[in-house]
Amino acid sequence: MTPAAVAIEPAVCGGISHLAIQVTDAGRAVDFYGAVLGAGDTTIADWPEPAETALALPSGQVLAFGTADSEGTGEDSGAHQAYRCSGTARAGILDRLNAEGITIHSYHEDRPAEADDPCYFSDPFGNRVQLVWGPWQADGIAGIDHAGVQASDIEWEEEFFIGRLGFPVDHRVGWNTADYVRARAWAEGKEDMAPGTRRLDQRYRDIPGAEPGSSRAVARPNMQIFLRLGEGVLGIFLATRHRQEPAPEAARGTPRTGIEVDRAALDGWAEKLSAAGAAIEGPVRHGKGAPYAASLYFRDPCGNFFEFCAPAEAGT
Amino acid sequence: MAEVESISHSGICVHDLKEAEDFYCKVLGATLHSRVNFKTQDALRGRSIHTTLALDDYVFAIMLTEDWMEVPDQAQLRGANRTRHSFCVPKTRFPEILQLLEAHNVAFEGPVTHPAQGPFGESVYFRDPTGNFLEVLWRRDEDVTYNTVQPLGHGGAG
């Protein structure tokens, strides 16, 4: 991707509006997220994607479940979804997870905002879930805090999201020596790190003079970039193995990250995305009762699905 | 006759790749050629982490070190810590370099005037954000053509 020739205006958005994740059983997903994670049982009848089941979160954000034959994002990648809850709600969620026999992890990520008291587990479909707690009032998870996706080319993602769309950087990982020194601590077993944050690269050959086979593996931080989406954050992790991407022309699918924008801005976003060479669909107007008036669907250069959506006005 | 022709490129080791990219591109006017280790195939092959930059016909890589290097006291602006890279500008543009350094709050020593019988006119000494020693100078023999600069990638056939 050729760098943008001119400085781009900073992106304006209202944060993460919804996440669509991949599950093998939508009914079971509603039970798990509604009862075990305490999100409640309010489903959205007029959700624009007929193949998805949508659960309303107390924050007004939405968690949608798209059914697929295969399981979710995989436990070996940096892809995950993080939800906000209060400390009291977290204690209840952890009790229910324990009762379900679900393993809870306390490994760390690199982003400073996530350094304290980490908590991770996997849903029944292989999606990695993180709980972030703070002053949010709800009996269970209150809303979406951030999401992580994986990408085969971090440079393309930087150029696309920062250079072309104007999203600001929250944090970068893998650009400085301190990250590499810290990665060795992980390889030596001194630090427990979340999947997708570290890797053991294999050099072509040993360091000259070293015992054959003894020095090929080198511990490294896995490249990551975190973007601010309003009050939410999108983490992009370098994929550590190749994966099948959707067809180049596919602009709409699951899993998907929804980003709230103004209705009047959708056409402008469509122009920016087209100029960046992205596959788009829309803007698509939604029917009465849908939580969004219209959506613009697109995919990033590495095949992740996104949606800019404009909230429906009250009474429409 | 020397066995080699000229310097092809060089590597400058840095502690922060992003900071170094910004410095060499925004202060010295380098252009970005390519980055390594931002793609899955690079990660799978265990490649080094570096960015290739170009300053006119000179290509160099800023290489991220995976260990901390010893760095002389930041107050020292002139010296050689393993190497010192020295870049050349025409005499008429030398004052612009001083203005650029001042505009970007880069501390420097100089201009230092060299002996009149030598090839160097004046130098200014400064450091990159990691602490590598750098120099920009103008040459008294800038109108003399010693060897025609070949296009990049000529492979020595010119």
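Being a predicted model, the structure only gives us computed values, none of them experimental. By convention in this document, chain letters (A, B, ...) are assigned in the order of the sequence lines, proteins followed by strands, and residues within each chain are numbered from 1.
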**Asked** With a 4.5 Å heavy-atom cut-off, do A:Val169 and B:Lys18 have their side chains touching?
**Response**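 Not touching, per the 4.5 Å side-chain cut-off.
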**Item:** pair A:Met223-B:Ile49: side-chain heavy atoms closer than 4.5 Å
**Value:**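 Yes, side chains in contact.
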**Request:** With side-chain contact (heavy atoms from CB on, under 4.5 Å) as the test, would you mind laying out the steps for A:Glu158 and B:Phe38 before giving the verdict?
**Result:** CA-CA 10 Å; A:Glu158 282 229 3; B:Phe38 291 81; 5.6 Å; no
**Prompt:** For the residue pair A:Arg220 and B:Ser48, what are the closest heavy atoms and their distance?
**Reply:**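 Closest pair (atom of A:Arg220, atom of B:Ser48, distance): NH2-CA, 3.9 Å.
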Side chain / backbone / both / neither for [X] at chain B, heavy atoms under 4.5 Å:
| X | value |
| --- | --- |
| A:Ala151 | backbone |
| A:Ser152 | both |
| A:Val181 | both |

**Asked** Quick one: of B:Val14, B:Thr130, B:Leu64, B:Leu17, who has the most non-hydrogen atom pairs under 4.5 Å with chain A?
**Response**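 Option with the top pair count is B:Leu64.
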**Interchain contact, B:Glu19 with chain A, by part (heavy-atom threshold 4.5 Å)** =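 It is neither, since no heavy atom gets under 4.5 Å.
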**Message:** Using the rule given for side-chain contact (heavy atoms from CB on, under 4.5 Å), can you reason through A:Asp153 versus B:Lys39, listing the C-alpha separation, both sets of side-chain angles and the distance that settles it, and then say yes or no?
**Reply:** CA-CA 4 Å; A:Asp153 192 321; B:Lys39 297 171 172 52; 2.9 Å; yes
**Prompt:** Under 6.0 Å from the NE2 atom of B:His9, do we count more than 12 heavy atoms belonging to anything else shown?
**Reply:**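 Counting other residues, nucleotides and ligands, NE2 of B:His9 stays at 12 neighbours or fewer.
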**Message:** Does A:Glu231 have more than 12 heavy atoms from other residues, nucleotides or ligands lying within 6.0 Å of its CD?
**Reply:**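 For A:Glu231, atom CD is not crowded (no more than 12 foreign heavy atoms under 6.0 Å).
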**Asked** Is the shortest distance from a Lys or Arg side-chain nitrogen in B:Glu66 or A:Arg184 to a carboxylate oxygen in the other one below 4.0 Å?
**Response**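 Not counted as a salt bridge, because no side-chain N and carboxylate O are separated by less than 4.0 Å.
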**Item:** side-chain contact (heavy atoms from CB on, under 4.5 Å) between B:Thr40 and A:Leu238, intermediate numbers included
**Value:** CA-CA 7 Å; B:Thr40 298; A:Leu238 184 65; 3.9 Å; yes
**Prompt:** Can you check side-chain contact (heavy atoms from CB on, under 4.5 Å) on A:His242 and B:Gln41, steps first, answer last?
**Reply:** CA-CA 8 Å; A:His242 293 297; B:Gln41 62 262 36; 4.1 Å; yes
